[in-house]
Undergrad: 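I am attaching a structure below and will ask some questions about it afterwards.
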Amino acid sequence: MKEEKKYYNRELSWLEFNYRVLEEALDKNNPLLERLKFISIFSSNLDEFFMVRLSELISQSKLEYASLKLPSGDTAQEIVANLKSRINKLVKQQYNCFNNDILPNLEKEGFHFYTSQNLPEKYIPTVKDLFSAKYSLMLTPMAIDPAHPFPFITGKTLNLLVRLFSDKQPTIPLYAIIPIPTATPRFLRLDSSDSTAFIYFEEAVKLVSAQLFAGYNIDKSCLFRITRDAEIAVDEEDSNLLTAIEMGLKLRERGYPIRLEVEKSADEDLLLFLQRNNMFCEGFDFKIDGPLDLADFMEIACIDGYHDLKSEPLPPIVNIAFQDNKISIFDIIRKEDHLLFLPFESFDPVIRFIQEAASDKKVLAIKMTLYRTSGDSPIIGALKNAAENGKQVTVVVELKARFDEARNITWAKQLEQAGCHVVYGVVGLKTHGKIALIVRDEEDGINRYVHLSTGNYNDKTAKIYTDIGLFTAKKKFGSDASAIFNLLTGYSDPPRWKKLVTAPLDLRNFFLEKINRETQNAKNGGKGKIIAKMNALIDTKTIDALYEASCAGVKITLIVRGMCRLKAGIPGLSENITVRSIVDVFLEHSRIFWFHNQGNDELFLASADWMERNLDKRVEILFPVDEPKLVDEVKKILEIILNDNKKTRILQPDGTYEHIKKEKDKTDHRSQLELYGFFKKRNMENKEKEKIRFIPNTKPEDTE
């Protein structure tokens with residue numbers, strides 16, 4: 001097969017992933033508010049796509065790279081043209097679903113979302129009184145004329161453009177913009193007795209806008225929204241990386257405009273006015289048939305109550321091993337290794353791990369990496385307490401975690417003020433590996449306790465992302481964990497690893513060796529088999545190795561949530577490769593790698609996807625699952641996932657994804673629900689067994 005025909009384009013592949021998200025909104029078998037949630041996620045995803053991926057492609061198409069072919073064989077300009085067409089279709093499909101399906105059904109359930117055009121008369125005094133008493137002073141009309149140039153418009157904010165005429169000069173059009181304040185609610189409740197009657201805040205501004213222009217008459221108006229390039233260019237050789245990132249965040253706010261969204265009713269004159277005053281990318285101006293920025297509807301999707309309109313709640317279950325808080329978590333981990341399967345199992349043991357270490361007199365040091373964490377993270381609080389309690393606390397904070405830079409800067413400063421040693425990663429690399437190390441002085445000497453994970457130390461996302469974490473006190477893991485922190489915080493040559501494998505040092509070669517071993521086994525007449533689960537498959541070297549393995553007869557099953565450059569099911573190239581994608585209530589985020597190895601199965605978990613950025617430009621960690629009991633657990637997880645016939649789509653040779661065609665008499669299997677049931681049964685059954693356990697009475701005098 002020609003080299004340029006071997007791979008899909010990553011951006012188009014990502015759009016197909018976002019279409020799979022949209023499909024969940026289109027699926028009438030899903031509860032109504034669940035469908036609204038996926039509409040919101042689709043919008044939020046698309047915003048980020050414009051801000052990051054599309055902005056980079058547009059830059060390439062304008063510079064000397066314009067004629068350079070991407071791995072898919074297309075130039076950046078060709079891909080941008082294809083993206084325009086596909087995005088237009090997807091946005092129309094999204095709003096068709098919202099306007100003609102979801103919104104009417106919300107109205108049947110008592111929800112009403114009014115505009116300035118259809119607001120009932122009885123509510124108009126309420127809106128005007130509310131603005132008079134609370135919101136009017138927040139509005140700042142900005143004239144546009146020779147003395148007042150077109151103002152800077154912040155990305156992803158709503159704005160009202162008005163055309164008006166003076167009573168004194170009724171033939172000369174004037175223009176002004178009213179930025180919609182971001183600190184206000186998007187949905188204004190109209191009646192305390194009716195909690196589901198709303199008017200969009202921007203539509204309420206339309207109603208009162210005339211009050212802001214005394215002596216002038218508003219002729220026309222339209223709402224609009226701009227999306228800007230959000231990439232940050234930072235000189236990592238800067239003597240103060242934190243300051244450099246802070247400056248980059250300020251520059252991000254002024255990134256060049258990429259997309260313009262205006263309401264469908266916008267007059268052509270207003271649209272041309274916006275286009276003349278902003279250098280938008282040609283073709284990325286959208287007339288939107290409905291409210292701009294549907295991402296805000298996540299607030300409605302998560303509204304209290306209305307359980308019959310939502311998916312069944314799946315509260316995390318505390319792993320049986322950690323349910324007794326009277327037992328030290330270090331005694332639990334020292335006894336045996338444990339896996340936590342989020343979000344089916346609770347993240348609380350991870351929080352407890354750090355909190356207990358912070359106050360434990362035997363703990364000498366705590367070291368951990370932080371890539372993304374929550375706004376009120378209990379782990380940050382525990383680390384600060386640990387430093388105040390005299391522990392040696394070292395935290396590797398990744399300041400370059402996209403869209404979490406500001407939050408991580410805040411945490412870094414707070415941790416430093418509390419007495420923690422804060423390191424801002426490694427020059428030229430993002431620290432994406434998830435690891436925590438506790439050093440404890442015990443009766444038998446110094447012991448190390450390690451937590452490794454496929455996902456972030458974020459108590460919020462731990463409730464909605466599927467991830468796997470390992471607790472271990474094994475010496476080889478502890479030795480490697482110490483070596484990793486020496487690499488991250490000081491000057492140290494890489495050690496001879498005992499258990500862990502890291503990027504960018506040797507992870508790519510590790511994966512290639514494992515794939516090539518399966519290839520050789522198949523060529524020699526043995527059985528070759530690979531099962532791998534990840535978020536994205538982009539790295540062409542890994543893909544080429546998988547193609548070679550497929551041609552040798554290796555059976556390869558890939559579970560890839562998002563982008564996938566690999567072409568599956570192509571005769572003579574990848575006929576032994578199947579690519580599956582699952583989109584459901586929880587975001588699939590775990591990375592699992594299973595190599596058959598002639599029956600001597602090897603299973604690994606990792607923080608890395610098969611992407612160039614993970615293997616070449618990030619500090620990543622892969623760790624083995626060694627204990628037979630834990631190996632069986634991971635195999636069971638994969639078995640349940642691979643049995644899914646409700647939320648799984650299969651990648652077709654033409655690049656599209658299709659739902660599995662369920663056989664007539666076959667049982668429905670929805671993996672996320674079955675995994676929740678599996679962990680609930682396992683932990684609850686074990687708890688009951690603990691209750692009825694017979695304990696020998698060693699004190700006869702206490703008996704009756």
Undergrad: Which residue pairs pass the ring-ring contact (aromatic ring centres under 6.0 Å, His included) test when at least one of the two sits in residues 513-550, sequence neighbours left out?
TA: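 ring-ring contact (aromatic ring centres under 6.0 Å, His included) check on residues 513-550 returns no pairs.
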
Undergrad: Locate the shortest heavy-atom distance separating Q652 from I650; write the atom from each residue and the value.
TA: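 Closest heavy-atom pair between Q652 and I650: NE2-O, 2.9 Å.
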
Undergrad: Between N18 (side chain) and F42 (backbone), is there a donor-acceptor pair under 3.5 Å?
TA: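 Yes.
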
Undergrad: Regarding K567 and the six-membered ring of Y8, is the cationic atom NZ or CZ under 6.0 Å from the ring centre and inside 45° of its axis?
TA: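 Yes, K567 sits over the ring of Y8.
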
Undergrad: Flag the pair R591 and D609 as a salt bridge only when some basic side-chain nitrogen lies within less than 4.0 angstrom of an acidic carboxylate oxygen.
TA: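 Answer for the salt bridge query: yes.
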
Undergrad: Salt bridge between D644 and R580, side-chain N to carboxylate O under 4.0 Å?
TA: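 Not counted as a salt bridge, because no side-chain N and carboxylate O are separated by less than 4.0 Å.
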
Undergrad: Is the centre of the F341 ring less than 6.0 Å from the centre of the F678 ring?
TA: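 No, the ring of F341 stays outside the 6.0 Å limit from the ring of F678, centre to centre.
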
Undergrad: Apply ring pair (Phe, Tyr, Trp, His ring centres under 6.0 Å) to H432 and Y371, showing your working.
TA: CA-CA 6 Å; H432 191 248; Y371 189 75; 4.7 Å; yes

Undergrad: Taking G572's backbone N and O only, do any of them form a donor-acceptor pair with E575's side chain (distance below 3.5 Å, no angle check)?
TA: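 Indeed, once roles are kept as given, a pair shorter than 3.5 Å links the two residues.
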
Undergrad: Minimum heavy-atom separation for V554 and N576, please, with both atom names.
TA: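 That would be O-CB, 3.3 Å.
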
Undergrad: Return yes if a side-chain donor-acceptor contact under 3.5 Å exists between D467 and H589, otherwise no.
TA: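 Indeed, the side chains of D467 and H589 share at least one donor-acceptor pair under 3.5 Å.
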
Undergrad: What closest approach, in Å, do L340 and S346 show between heavy atoms, and which atom pair accounts for it?
TA: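 Closest approach of L340 to S346, heavy atoms only: CD1-O, 3.8 Å.
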
Undergrad: Using 4.0 Å as the upper bound for N to carboxylate O, is an ion pair formed by K523 and E548?
TA: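 Yes, this pair counts.
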
Undergrad: Locate the shortest heavy-atom distance separating S311 from P31; write the atom from each residue and the value.
TA: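 In terms of heavy atoms, the two residues are closest at N-CG, 3.8 Å.
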
Undergrad: Taking S581 for the side chain and R561 for the main chain, is one N or O donor matched with an acceptor at less than 3.5 Å?
TA: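 It does hold such a pair.
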
Undergrad: How are the rings of W610 and F511 set to each other: parallel, tilted or perpendicular (split at 30° and 60°)?
TA: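 Perpendicular, since the angle between the ring planes exceeds 60°.
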
Undergrad: Would you mind checking if E24 and R649 are paired as a salt bridge, meaning a charged N to carboxylate O distance below 4.0 Å?
TA: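 Judged by the 4.0 Å cut-off on N to carboxylate O distance, R649 and E24 do form a salt bridge.
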
Undergrad: Within 45 degrees of the ring normal and closer than 6.0 Å to the centroid, is that where the cationic atom of R259 sits relative to F49?
TA: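 Ring-cation test returns no.
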
Undergrad: Does this structure show an ion pair linking R53 with E56, if we count only N-O contacts that are shorter than 4.0 Å?
TA: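 Salt bridge present between R53 and E56.
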
Undergrad: Flag the pair E639 and K636 as a salt bridge only when some basic side-chain nitrogen lies within less than 4.0 angstrom of an acidic carboxylate oxygen.
TA: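 Yes.
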
Undergrad: K527 vs N521, test: side-chain hydrogen bond (donor to acceptor under 3.5 Å, both in side chains). Steps then yes/no.
TA: CA-CA 6 Å; K527 180 181 179 182; N521 288 340; over 6 Å; no

Undergrad: Using atom types as modelled and distance alone, determine if a side-chain donor or acceptor of N30 lies under 3.5 Å from a backbone N or O of R35.
TA: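 Side chain of N30 to backbone of R35, a donor-acceptor pair under 3.5 Å: no, none is there.
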
Undergrad: Are K84 and F284 in a cation-pi contact, defined as NZ or CZ under 6.0 Å from the six-membered ring centre and within 45° of the axis?
TA: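 Yes, a cation-pi geometry holds between K84 and F284.
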
Undergrad: Quick one: does NZ or CZ of K529 land under 6.0 Å from the six-membered ring centre of W594, within 45 degrees of the ring axis?
TA: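 Cation-pi check for K529 and W594: passes.
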
Undergrad: Would you say R86 and E16 make side-chain contact, with heavy atoms under 4.5 Å?
TA: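 R86 reaches E16 side chain to side chain.
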
Undergrad: Which residues pass the ring-ring contact (aromatic ring centres under 6.0 Å, His included) test with Y657, not counting sequence neighbours?
TA: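 Applying ring-ring contact (aromatic ring centres under 6.0 Å, His included) to Y657 gives none.
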
Undergrad: So do the side chains of I660 and K666 get within less than 4.5 Å of each other, counting heavy atoms only?
TA: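 Side chain of I660 against side chain of K666, heavy atoms only: no contact under 4.5 Å found.
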
Undergrad: Among E602, Q598, H596, exactly one meets side-chain hydrogen bond (donor to acceptor under 3.5 Å, both in side chains) together with R517. Which residue is that?
TA: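 Answer after filtering E602, Q598, H596: E602.
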
Undergrad: Any side-chain donor-acceptor pair under 3.5 Å between R372 and T461?
TA: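 No, because no side-chain N or O of R372 sits under 3.5 Å from a partner of the opposite role on T461.
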
Undergrad: Looking at D584 and F38, what are the two nearest heavy atoms and their distance?
TA: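 Answer, listing the atom of D584 first, then F38: O-CZ, 3.4 Å.
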
Undergrad: Can you name the closest pair of heavy atoms from I435 and A481 and give their distance?
TA: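 It is CD1-CB, 3.7 Å.
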
Undergrad: Would you say E398's side chain and T431's backbone share a donor-acceptor pair under 3.5 angstrom?
TA: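 It does hold such a pair.
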
